[in-house]
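Within every chain, numbering begins at 1; the chains are lettered A, B, ... in the order of the sequence lines, protein sequences first and strands thereafter.
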Amino acid sequence: MTITREDAAAALDDISAANIHMRRLRHYRETAPILIMWGVIWLVALPFGDLGVVWFTATAPLFIAGIIGSNIIGKRSRLKAAAQLTPEERAAQPNMNLAMAAVGLTTVAIAIAFWPLTPRDLNALIALICAGVYGGMGAWLGWRFSLVGALLGVGTLVGFLFVHHFYFTWMAVVCGGIFIGSGLLLRKA
Amino acid sequence: MDGPDEVIHQSTRLKMTATLNALPAGEMLEFGKLKAILGATDGNMATHLGALEKAGYVEMLKDYVGKKPRTRISLSREGRKAFQRHVAYLKALLD
(Lines give C-alpha, C1' and ligand atoms only; values in the text may rest on other atoms or scores of the structure.)
Protein backbone atom coordinates (compact mmCIF):
# COMPACT_ATOMS: atom_id res chain seq x y z
CA MET A 1 0.00 0.00 0.00
CA THR A 2 1.44 3.34 -1.04
CA ILE A 3 0.37 6.57 0.57
CA THR A 4 1.44 9.84 -1.00
CA ARG A 5 2.10 13.03 0.95
CA GLU A 6 -1.21 14.40 -0.41
CA ASP A 7 -3.07 11.29 0.84
CA ALA A 8 -1.41 11.66 4.24
CA ALA A 9 -2.33 15.35 4.47
CA ALA A 10 -5.95 14.61 3.49
CA ALA A 11 -6.15 11.78 6.04
CA LEU A 12 -4.78 14.03 8.81
CA ASP A 13 -7.36 16.68 7.84
CA ASP A 14 -10.12 14.05 8.17
CA ILE A 15 -8.78 13.05 11.60
CA SER A 16 -8.63 16.66 12.71
CA ALA A 17 -12.22 17.27 11.52
CA ALA A 18 -13.40 14.19 13.43
CA ASN A 19 -11.66 15.44 16.58
CA ILE A 20 -13.22 18.90 16.27
CA HIS A 21 -16.66 17.41 15.71
CA MET A 22 -16.38 15.09 18.71
CA ARG A 23 -15.07 17.90 20.89
CA ARG A 24 -18.07 20.04 19.88
CA LEU A 25 -20.51 17.25 20.78
CA ARG A 26 -18.73 16.78 24.10
CA HIS A 27 -19.02 20.53 24.87
CA TYR A 28 -22.76 20.32 24.17
CA ARG A 29 -23.22 17.30 26.45
CA GLU A 30 -21.11 18.74 29.24
CA THR A 31 -22.85 22.13 29.16
CA ALA A 32 -26.30 20.51 29.22
CA PRO A 33 -26.45 19.96 33.03
CA ILE A 34 -25.41 23.58 33.62
CA LEU A 35 -28.23 24.80 31.35
CA ILE A 36 -30.77 22.52 33.02
CA MET A 37 -29.62 23.61 36.49
CA TRP A 38 -29.98 27.33 35.61
CA GLY A 39 -33.35 26.66 33.99
CA VAL A 40 -34.61 25.09 37.20
CA ILE A 41 -33.16 27.93 39.30
CA TRP A 42 -34.83 30.57 37.10
CA LEU A 43 -38.09 28.65 37.08
CA VAL A 44 -38.15 28.34 40.87
CA ALA A 45 -36.62 31.66 41.94
CA LEU A 46 -37.61 34.30 39.41
CA PRO A 47 -41.41 34.33 40.00
CA PHE A 48 -40.63 35.68 43.49
CA GLY A 49 -39.46 38.84 41.73
CA ASP A 50 -43.08 39.65 40.89
CA LEU A 51 -43.89 39.61 44.63
CA GLY A 52 -41.46 42.42 45.47
CA VAL A 53 -37.83 43.32 46.14
CA VAL A 54 -37.65 41.56 49.51
CA TRP A 55 -38.88 38.27 48.09
CA PHE A 56 -36.54 38.61 45.14
CA THR A 57 -33.56 39.24 47.43
CA ALA A 58 -34.48 36.15 49.45
CA THR A 59 -33.80 33.98 46.36
CA ALA A 60 -30.17 35.18 46.13
CA PRO A 61 -28.76 32.01 47.79
CA LEU A 62 -30.20 29.95 44.92
CA PHE A 63 -28.30 32.06 42.38
CA ILE A 64 -25.09 31.82 44.42
CA ALA A 65 -25.57 28.03 44.56
CA GLY A 66 -26.01 28.10 40.77
CA ILE A 67 -22.72 29.95 40.26
CA ILE A 68 -20.89 27.50 42.54
CA GLY A 69 -22.59 24.52 40.85
CA SER A 70 -21.70 25.79 37.36
CA ASN A 71 -18.08 26.21 38.41
CA ILE A 72 -17.89 22.69 39.83
CA ILE A 73 -19.49 21.08 36.75
CA GLY A 74 -17.39 23.21 34.38
CA LYS A 75 -14.15 22.45 36.19
CA ARG A 76 -14.88 18.71 36.23
CA SER A 77 -15.62 18.78 32.49
CA ARG A 78 -12.46 20.73 31.70
CA LEU A 79 -10.31 18.30 33.72
CA LYS A 80 -11.90 15.35 31.92
CA ALA A 81 -11.42 17.03 28.56
CA ALA A 82 -7.80 17.96 29.30
CA ALA A 83 -6.93 14.27 29.66
CA GLN A 84 -7.81 13.84 25.95
CA LEU A 85 -5.65 16.71 24.72
CA THR A 86 -2.04 16.84 23.63
CA PRO A 87 0.25 19.16 25.67
CA GLU A 88 0.14 21.70 22.78
CA GLU A 89 -3.67 21.64 22.67
CA ARG A 90 -3.81 21.94 26.46
CA ALA A 91 -1.56 25.02 26.36
CA ALA A 92 -3.81 26.60 23.71
CA GLN A 93 -6.98 26.18 25.79
CA PRO A 94 -8.67 29.44 26.81
CA ASN A 95 -8.52 30.41 30.49
CA MET A 96 -12.19 29.95 31.41
CA ASN A 97 -11.79 31.39 34.92
CA LEU A 98 -10.40 34.60 33.45
CA ALA A 99 -13.17 34.72 30.83
CA MET A 100 -15.89 34.27 33.47
CA ALA A 101 -14.27 36.88 35.74
CA ALA A 102 -14.20 39.33 32.81
CA VAL A 103 -17.90 38.70 32.09
CA GLY A 104 -18.78 39.12 35.79
CA LEU A 105 -16.80 42.35 36.13
CA THR A 106 -18.30 43.72 32.90
CA THR A 107 -21.80 43.04 34.26
CA VAL A 108 -20.95 44.80 37.55
CA ALA A 109 -19.40 47.74 35.64
CA ILE A 110 -22.50 48.17 33.44
CA ALA A 111 -24.75 47.98 36.52
CA ILE A 112 -22.67 50.67 38.26
CA ALA A 113 -22.66 52.88 35.16
CA PHE A 114 -26.44 52.77 34.82
CA TRP A 115 -27.31 52.71 38.55
CA PRO A 116 -29.98 53.01 39.93
CA LEU A 117 -31.41 49.87 38.36
CA THR A 118 -34.67 48.24 39.35
CA PRO A 119 -34.61 44.47 40.03
CA ARG A 120 -36.29 44.13 36.62
CA ASP A 121 -33.52 46.14 34.89
CA LEU A 122 -30.84 44.18 36.73
CA ASN A 123 -32.41 40.86 35.80
CA ALA A 124 -32.71 41.86 32.14
CA LEU A 125 -29.09 43.04 32.12
CA ILE A 126 -27.84 39.71 33.55
CA ALA A 127 -30.06 37.71 31.16
CA LEU A 128 -28.81 39.69 28.14
CA ILE A 129 -25.19 39.25 29.26
CA CYS A 130 -25.88 35.49 29.52
CA ALA A 131 -27.38 35.59 26.02
CA GLY A 132 -24.25 37.34 24.76
CA VAL A 133 -21.98 34.80 26.46
CA TYR A 134 -23.83 31.87 24.86
CA GLY A 135 -23.85 33.68 21.52
CA GLY A 136 -20.07 34.08 21.72
CA MET A 137 -19.56 30.50 22.91
CA GLY A 138 -21.26 29.41 19.68
CA ALA A 139 -18.44 30.90 17.61
CA TRP A 140 -15.90 28.88 19.58
CA LEU A 141 -17.60 25.72 20.69
CA GLY A 142 -20.52 25.03 18.35
CA TRP A 143 -23.39 26.94 16.70
CA ARG A 144 -26.06 25.43 18.95
CA PHE A 145 -24.81 27.62 21.80
CA SER A 146 -25.43 30.68 19.61
CA LEU A 147 -28.99 29.49 19.07
CA VAL A 148 -29.46 29.23 22.86
CA GLY A 149 -28.06 32.77 23.20
CA ALA A 150 -30.33 34.12 20.45
CA LEU A 151 -33.45 32.53 21.98
CA LEU A 152 -32.52 33.80 25.42
CA GLY A 153 -31.86 37.30 24.09
CA VAL A 154 -35.16 37.46 22.20
CA GLY A 155 -37.09 36.00 25.18
CA THR A 156 -35.54 38.57 27.51
CA LEU A 157 -36.17 41.54 25.21
CA VAL A 158 -39.79 40.56 24.58
CA GLY A 159 -40.34 40.18 28.32
CA PHE A 160 -38.59 43.45 29.16
CA LEU A 161 -40.35 45.52 26.51
CA PHE A 162 -43.84 44.04 26.47
CA VAL A 163 -44.51 42.11 29.71
CA HIS A 164 -44.85 44.66 32.47
CA HIS A 165 -46.83 43.12 35.32
CA PHE A 166 -45.50 39.57 35.32
CA TYR A 167 -42.03 40.14 33.88
CA PHE A 168 -40.28 37.80 36.34
CA THR A 169 -42.80 35.03 35.81
CA TRP A 170 -42.30 35.46 32.06
CA MET A 171 -38.52 35.17 32.52
CA ALA A 172 -38.94 32.13 34.75
CA VAL A 173 -41.21 30.27 32.35
CA VAL A 174 -39.90 31.40 28.95
CA CYS A 175 -36.18 31.89 29.57
CA GLY A 176 -35.99 29.19 32.27
CA GLY A 177 -37.81 26.95 29.79
CA ILE A 178 -35.31 27.83 27.05
CA PHE A 179 -32.47 26.79 29.37
CA ILE A 180 -34.14 23.52 30.35
CA GLY A 181 -35.25 22.66 26.80
CA SER A 182 -31.81 23.47 25.35
CA GLY A 183 -30.11 21.45 28.08
CA LEU A 184 -32.30 18.43 27.43
CA LEU A 185 -31.64 18.63 23.68
CA LEU A 186 -27.88 19.19 24.03
CA ARG A 187 -27.61 16.29 26.47
CA LYS A 188 -28.47 13.97 23.58
CA ALA A 189 -25.88 15.50 21.20
CA MET B 1 9.07 3.85 10.78
CA ASP B 2 6.06 1.49 10.78
CA GLY B 3 4.15 1.19 7.52
CA PRO B 4 0.58 2.35 7.04
CA ASP B 5 -2.23 0.40 8.66
CA GLU B 6 -4.23 -0.88 5.70
CA VAL B 7 -7.29 -1.67 7.80
CA ILE B 8 -7.47 1.85 9.24
CA HIS B 9 -6.43 3.90 6.22
CA GLN B 10 -9.59 3.29 4.15
CA SER B 11 -11.48 6.63 4.23
CA THR B 12 -14.64 5.58 6.15
CA ARG B 13 -12.67 3.42 8.60
CA LEU B 14 -10.19 6.25 9.18
CA LYS B 15 -13.05 8.61 10.10
CA MET B 16 -14.63 5.85 12.20
CA THR B 17 -11.46 5.18 14.19
CA ALA B 18 -10.70 8.92 14.52
CA THR B 19 -14.20 9.50 15.90
CA LEU B 20 -13.98 6.58 18.34
CA ASN B 21 -10.44 7.58 19.36
CA ALA B 22 -11.77 11.02 20.37
CA LEU B 23 -13.97 9.38 23.02
CA PRO B 24 -12.53 9.29 26.53
CA ALA B 25 -11.24 5.81 27.46
CA GLY B 26 -14.07 3.59 28.65
CA GLU B 27 -16.82 5.50 26.79
CA MET B 28 -18.81 3.95 23.98
CA LEU B 29 -20.72 5.49 21.09
CA GLU B 30 -24.10 4.26 19.94
CA PHE B 31 -24.27 2.80 16.44
CA GLY B 32 -26.88 5.36 15.34
CA LYS B 33 -24.80 8.31 16.53
CA LEU B 34 -21.65 7.05 14.82
CA LYS B 35 -23.65 6.48 11.64
CA ALA B 36 -25.05 10.04 11.81
CA ILE B 37 -21.61 11.55 12.46
CA LEU B 38 -20.10 9.71 9.48
CA GLY B 39 -23.14 10.15 7.23
CA ALA B 40 -22.83 6.47 6.35
CA THR B 41 -25.49 3.92 5.39
CA ASP B 42 -26.33 0.85 7.50
CA GLY B 43 -24.63 -1.37 4.90
CA ASN B 44 -21.47 0.72 4.88
CA MET B 45 -21.35 0.77 8.65
CA ALA B 46 -21.75 -2.99 8.89
CA THR B 47 -19.00 -3.63 6.32
CA HIS B 48 -16.45 -1.29 7.85
CA LEU B 49 -17.23 -2.11 11.47
CA GLY B 50 -16.92 -5.78 10.52
CA ALA B 51 -13.44 -5.17 9.09
CA LEU B 52 -12.35 -3.25 12.19
CA GLU B 53 -13.82 -5.87 14.51
CA LYS B 54 -12.07 -8.66 12.59
CA ALA B 55 -8.76 -6.83 13.10
CA GLY B 56 -9.55 -6.54 16.83
CA TYR B 57 -9.70 -2.75 16.65
CA VAL B 58 -13.26 -2.20 17.84
CA GLU B 59 -15.43 -3.70 20.53
CA MET B 60 -19.18 -3.86 20.12
CA LEU B 61 -21.63 -4.27 22.95
CA LYS B 62 -25.18 -5.29 22.09
CA ASP B 63 -27.95 -4.94 24.64
CA TYR B 64 -31.50 -3.74 25.04
CA VAL B 65 -32.92 -0.48 26.36
CA GLY B 66 -36.42 -1.60 27.28
CA LYS B 67 -37.43 -3.54 24.18
CA LYS B 68 -35.21 -1.58 21.81
CA PRO B 69 -31.94 -3.21 20.71
CA ARG B 70 -28.86 -1.03 21.15
CA THR B 71 -25.34 -1.45 19.78
CA ARG B 72 -22.51 0.50 21.35
CA ILE B 73 -19.05 0.70 19.89
CA SER B 74 -15.64 1.62 21.24
CA LEU B 75 -12.06 1.40 20.07
CA SER B 76 -10.20 -1.46 21.73
CA ARG B 77 -6.83 -0.89 23.35
CA GLU B 78 -5.22 -2.50 20.29
CA GLY B 79 -7.33 -0.23 18.06
CA ARG B 80 -6.14 2.90 19.86
CA LYS B 81 -2.52 1.80 19.57
CA ALA B 82 -2.95 0.98 15.86
CA PHE B 83 -4.65 4.34 15.25
CA GLN B 84 -1.87 6.22 17.02
CA ARG B 85 0.78 4.30 15.03
CA HIS B 86 -1.03 5.13 11.80
CA VAL B 87 -1.29 8.83 12.69
CA ALA B 88 2.42 8.85 13.56
CA TYR B 89 3.13 7.28 10.16
CA LEU B 90 1.02 9.91 8.35
CA LYS B 91 2.74 12.74 10.23
CA ALA B 92 6.16 11.28 9.48
CA LEU B 93 5.30 11.24 5.77
CA LEU B 94 4.73 14.99 5.91
CA ASP B 95 7.91 15.77 7.89
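Looking only at heavy-atom pairs under 4.5 Å with chain A, the residue among Leu29(B), Val87(B), Ile37(B) that has the most is Ile37(B).
Cluster annotation: Leu157(A) and Val174(A) are assigned to distinct hydrophobic clusters (Ile/Leu/Val/Met/Phe/Trp/Tyr, side-chain heavy-atom contacts under 4.5 Å, transitive). Trp115(A) and Ile110(A) fall within the same hydrophobic cluster, defined by Ile, Leu, Val, Met, Phe, Trp and Tyr side-chain heavy atoms under 4.5 Å apart, directly or through other members. In the hydrophobic cluster analysis, where Ile, Leu, Val, Met, Phe, Trp and Tyr join through side-chain heavy atoms closer than 4.5 angstrom, Leu161(A) is grouped together with Val154(A).
Scanning both residues, Ala22(B) and Asn19(A), for their nearest heavy atoms gives CB-OD1, 3.6 Å.
The line from CG of Asp7(A) to CG of Leu93(B) is 9.0 Å long, rounded to the nearest 0.5 Å. With rounding to the nearest 0.5 Å, the separation of CG in Leu23(B) from CE in Met22(A) is 4.0 Å.
Annotation: side chain of Leu94(B) is in contact with side chain of Arg5(A) (closest heavy-atom distance under 4.5 Å).
Only the side chain of Glu27(B) comes within less than 4.5 Å of a heavy atom in chain A; its backbone stays farther off. Heavy-atom distances place the side chain of Lys33(B), and not its backbone, under 4.5 Å from chain A. There is no contact between Thr2(A) and chain B, counting heavy-atom distances below 4.5 Å. Ala189(A) touches chain B through its backbone: at least one of N, CA, C or O sits under 4.5 Å from a heavy atom, while the side chain does not.
Annotation: His165(A), atom NE2; neighbour count of heavy atoms from other residues, nucleotides and ligands within 6.0 Å does not exceed 12. Taking a 6.0 Å sphere around CZ of Arg120(A), one finds it holds more than 12 heavy atoms contributed by other residues, nucleotides or ligands. The 12-atom threshold is exceeded at CZ of Arg29(A), counting heavy atoms of other residues, nucleotides or ligands nearer than 6.0 Å.
For Leu90(B), the side chain to side chain contact (heavy atoms under 4.5 Å, CB included) criterion is met by Ile3(A), Ala8(A), Ala11(A), Leu12(A), Ile15(A), His9(B), His86(B), not counting sequence neighbours.
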